[in-house]
Amino acid sequence: MNRLRIAVLASGRGSNLQAIIDAIESGELNAEIVIVISDKKNAYALKRAKRHGINRLFISPKDKKREEYDKEIVNQLHKYNVELVCLAGFMRILSPYFVKEFKNRIMNIHPTLLPSFPGLHGQKQALDYGVKISGCTVHFVDEGCDTGPIILQKAVEVLDTDTEESLSSRILECEHKLYPQAISLFASGRLKILGRKVIIL
Ligand code: GRF
């Protein structure tokens, strides 16, 4: 079976990128990262890609309109024949143009149980709200912010003693398992989107 050609877009440390790389290298995930793209020149994610011999690209957003910037990314994605785009801590909202170009072929991971606490600092939002259970979500990306159809979720208990750091780190452990699983389901053609629902075949 051909390996799924994926691109990972990341702005920061790239621990989810690393989890995807590890899942591929261990044979658990039948995919190939054909390009890692970052909007931050010094993103640690780019260093991780380099270490693993993966193509990588910094595309500067400076002085560019959102759609103009997204066009540059999309051109690269087409050039590399990307089949699935994985956002992993990519700190930009994609333009409708980008979403349309890769309709139902963009995934994101979010550190809460969506639709609760979308946007930035989800773990802190959950903690401040006082929920007893939080977790993480892998979803398809639509035009909204963290609003697309949900693929997989995993719950994490919130402890009375939790700080933002301790909760984030337990959630992150789950993220590292959940994201490769979701990609793997996509790679094997087992995800079917019906409106807001994602059916796992
Ligand atoms: C993760 O918490 C992810 O859920 C969120 O951004 C963070 C990225 O972390 N979207 P990393 O760069 O993958 O380590």
Side-chain angles (χ1 to χ4, degrees), residues 6-26 28-29 31 33 35-52 54 56-59 61 73 84-94 98-99 102 106-129 131 133-158 162-184 186 198:
I6 66 179
V8 178
L9 272 51
S11 303
R13 68 188 163 184
S15 71
N16 278 289
L17 164 66
Q18 188 67 53
I20 297 167
I21 294 172
D22 292 347
I24 291 172
E25 290 185 352
S26 71
E28 181 192 316
L29 173 59
I33 303 177
I35 183 84
V36 171
I37 298 177
S38 184
D39 59 333
K40 295 274 186 292
K41 196 170 185 191
N42 296 317
Y44 194 63
L46 291 173
K47 297 199 176 68
R48 294 184 195 264
K50 182 173 185 203
R51 206 186 286 154
H52 290 267
I54 298 168
R56 61 211 171 271
L57 205 57
F58 157 62
I59 304 183
I73 297 187
L84 176 71
V85 181
C86 299
L87 307 183
F90 189 59
M91 303 304 284
R92 296 175 60 89
I93 296 188
L94 307 188
F98 191 156
V99 174
F102 280 85
I106 309 171
M107 281 185 191
N108 181 42
I109 183 137
H110 185 75
T112 70
L113 293 177
L114 290 170
S116 292
F117 315 120
L120 292 175
H121 310 296
Q123 305 95 326
K124 182 171 188 307
Q125 291 184 54
L127 210 53
D128 290 349
Y129 195 93
V131 293
I133 310 259
S134 192
C136 52
T137 303
V138 181
H139 62 94
F140 283 111
V141 172
D142 63 10
E143 284 79 7
C145 174
D146 302 324
T147 49
I150 290 170
I151 304 165
L152 292 176
Q153 293 189 299
K154 180 100 180 126
V156 171
E157 193 182 352
V158 180
D162 263 330
T163 59
E164 185 184 353
E165 290 68 37
S166 64
L167 179 61
S168 300
S169 104
R170 286 205 312 290
I171 292 175
L172 195 62
E173 268 179 49
C174 287
E175 293 183 34
H176 295 162
K177 294 192 191 103
L178 208 67
Y179 212 175
Q181 277 173 23
I183 299 168
S184 186
F186 185 98
V198 179

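Quick note: numbers below take in every heavy atom, side chains included, and nothing from hydrogens, waters or symmetry partners. These numbers come from a predicted model, not from an experiment. Read the numbers this way: they start at 1 and go in the same order the structure lists the ligands and their atoms.
- Here the closest non-hydrogen pair linking S134 and I171 is OG-CD1, 4.3 Å.
- The number of heavy-atom neighbours closer than 6.0 Å to NZ of K50, taken from other residues, nucleotides and ligands shown, is 12 or below.
- When only interatomic distances are considered, the shortest N/O to N/O separation between S15 and ligand 1 falls below 3.5 Å.
- Side-chain atoms of H110 come within 3.5 Å of backbone atoms of F117 as a donor-acceptor pair (strictly under, hydrogens ignored).
- Of all protein heavy atoms, the one closest to atom 8 (C) of ligand 1 is G89 CA, 3.6 Å.
- Applying side chain to side chain donor-acceptor pair (under 3.5 Å) to S15 and the options E173, E175, R48, H176 leaves one that passes, H176.
- What sits closest to atom 5 (C) of ligand 1 on the protein, heavy atoms only, is I109 O, 3.8 Å.
- In terms of protein heavy-atom proximity, atom 9 (O) of ligand 1 is closest to R13 NH2, 3.3 Å.
- Other residues, nucleotides and ligands place no more than 12 heavy atoms under 6.0 Å from the OH atom of Y129.
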- Does the pair H52 and Q18 meet the rule for a side chain to side chain donor-acceptor pair (under 3.5 Å), with working shown? CA-CA 10 Å; H52 290 267; Q18 188 67 53; 3.2 Å; yes
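- For atom 4 (O) of ligand 1, the closest non-hydrogen atom on the protein side is E175 OE1, 2.7 Å.
- Below 3.5 Å of separation, one finds an N or O of G14 facing an N or O of ligand 1.
- Not a single heavy atom of A10 sits under 4.0 Å from any atom of ligand 1.
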